[in-house]
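To keep things clear, I will list the structure first and then write my remarks on it.
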Amino acid sequence: MKIIDNFLPMEDFIAIKHTVMQHNFPFFVNTNVSNDSEPDEPWRWYGTHVAYDNDVPTSDYFEPLYNCFIPRFGEMECGFKSLIRIKINMYPHTPEVKENFKHVDCPFPNYAAVYSLNTCDGYTRLRDGTKIDSVENRIVFFEGGDIHNSSTTTTELRYNINFNWL
């Protein structure tokens, strides 16, 4: 696991943040936050926008995301060979922070990163219990095959971008 604050240069960070957090960004509501079946609770939903999946760009937003992030991933210790997925998430406001169920992004060994677009009291919890706070322009790298979970926020909304690759 590795955490890097101020991961993107400020102008790239601001451009992506403003694009994703604008009011007309196309999010799709998902009622299943993890891969497990979940009880009916009104807060268990999130907005998603998949920019890349199954070897195919699936969004007009793919290219700017790829150009900002993937060259930097190649510089990391884990390297970069092949992209699996890029998914943008928007988690809801709840009166108190709620944790979603644990899950794995892919059922095989891969690398994962969660990049925060805004600072809030939401977080990502890793398998060993480490809690990674959502701090804008922060990224956490971890083993994508390890269980982890997300949370809601008590502030307006929580925005992040998830990456998986080989």
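Note that this is a predicted model, so its numbers are computed, not measured. The first residue in the sequence is number 1, and the count goes up from there.
Taken together through direct or relayed side-chain contacts under 4.5 Å among Ile, Leu, Val, Met, Phe, Trp and Tyr, F80 and V114 form parts of separate hydrophobic clusters. Clustering ILVMFWY residues whenever any of their side-chain heavy atoms sit less than 4.5 angstrom apart, transitively, puts F101 in a cluster other than the one holding F142. Cluster annotation: L65 is connected to Y111 through the hydrophobic network of ILVMFWY side chains, with a link wherever side-chain heavy atoms come within less than 4.5 Å. Linking ILVMFWY side-chain heavy atoms closer than 4.5 Å, directly or via other members, places F25 and W45 in a single hydrophobic cluster. Linking ILVMFWY side-chain heavy atoms closer than 4.5 Å, directly or via other members, places V140 and I147 in two distinct hydrophobic clusters.
The shortest non-hydrogen separation linking H93 to T154 is CD2-O, 2.9 Å. Residues G122 and S151 approach most closely at CA-OG, 3.3 Å, considering heavy atoms. The two atoms that bring Y61 and T19 nearest to each other are CE2-CG2, 3.4 Å, heavy atoms only. Scanning both residues, D105 and A112, for their nearest heavy atoms gives OD2-CB, 4.4 Å. Residues C106 and I84 approach most closely at SG-CG2, 4.0 Å, considering heavy atoms. Considering every non-hydrogen atom in both N118 and L157, the closest pair reads ND2-O, 2.7 Å.
Counting only heavy atoms from C-beta outward, the side chains of I132 and M1 approach each other to under 4.5 Å. In this structure, L8 and Y115 have side chains that are in contact, with non-hydrogen atoms separated by less than 4.5 Å. Taking 4.5 Å as the limit, every side-chain heavy atom of N137 sits out of range of all side-chain heavy atoms of D5. Proximity of F62 to V50: side-chain heavy atoms (C-beta onward) are nowhere separated by under 4.5 Å. In this structure the side chain of F27 reaches within 4.5 angstrom of the side chain of I88, judged on heavy atoms. The side-chain heavy atoms of I161 and I86, taken from C-beta on, include a pair separated by under 4.5 Å. In this structure, the side chains of I16 and C68 come closer than 4.5 Å at one or more pairs of heavy atoms. Between Y46 and V29, the closest side-chain pair of non-hydrogen atoms is not below 4.5 Å.
For residues 6-28, the pairs satisfying salt bridge (charged side-chain N to carboxylate O under 4.0 Å, His left out) are K17-E136, with sequence neighbours left out. Applying the salt bridge (charged side-chain N to carboxylate O under 4.0 Å, His left out) rule to pairs touching residues 57-73 yields nothing, sequence neighbours excluded. Pairs engaging residues 49-58 under the side chain to side chain donor-acceptor pair (under 3.5 Å) rule: H49-S59 [sequence neighbours left out].
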(request) Could you please spell out the steps behind the side chain to side chain contact (heavy atoms under 4.5 Å, CB included) verdict for R85 and L83? (result) CA-CA 6 Å; R85 182 180 70 175; L83 187 59; over 6 Å; no
(request) Apply side chain to side chain contact (heavy atoms under 4.5 Å, CB included) to the pair Y123 and V97, showing each step before the final yes or no. (result) CA-CA 9 Å; Y123 53 86; V97 175; 3.6 Å; yes
(request) Could you please spell out the steps behind the side chain to side chain donor-acceptor pair (under 3.5 Å) verdict for N30 and T48? (result) CA-CA 7 Å; N30 259 305; T48 62; 2.9 Å; yes
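Here the OG1 atom belonging to T119 is positioned 8.0 Å from the CZ atom belonging to R138, to the nearest 0.5 angstrom. K102 contributes atom NZ, which lies 10.0 Å from atom CG of L126 (distance to the nearest 0.5 angstrom).
With sequence neighbours left out, the side chain to side chain contact (heavy atoms under 4.5 Å, CB included) criterion links I14 to M10, H18. With sequence neighbours left out, E99 forms a salt bridge (Lys or Arg N to Asp or Glu O under 4.0 Å) with R125. Judged as a side chain to side chain contact (heavy atoms under 4.5 Å, CB included), and not counting sequence neighbours, the contacts of I4 are K2, F7, M76, I139, F141. T153 is linked by a side chain to side chain donor-acceptor pair (under 3.5 Å) to D121, T155, counting only residues two or more places apart in sequence or in another chain. Every residue two or more places apart in sequence or in another chain that forms a side chain to side chain donor-acceptor pair (under 3.5 Å) with N110 is listed here: N164. Listed by chain and residue number, K98 satisfy the salt bridge (Lys or Arg N to Asp or Glu O under 4.0 Å) test with E96 (two or more places apart in sequence, or in another chain). Among residues two or more places apart in sequence or in another chain, the ring-ring contact (aromatic ring centres under 6.0 Å, His included) test is passed with F163 by F69, F73. With sequence neighbours excluded, the residues that form a side chain to side chain donor-acceptor pair (under 3.5 Å) with D128 are T130. Annotation: side chain to side chain donor-acceptor pair (under 3.5 Å) contacts of Q22 (sequence neighbours excluded): N24.
Counted by atom type alone, S116 and N160 present zero donor-acceptor pairs between their side chains at under 3.5 Å. Side chains of H148 and D146: a donor-acceptor N/O pair is absent below 3.5 angstrom, by distance only. Side chains of S134 and R158: a donor on one and an acceptor on the other come within 3.5 Å.
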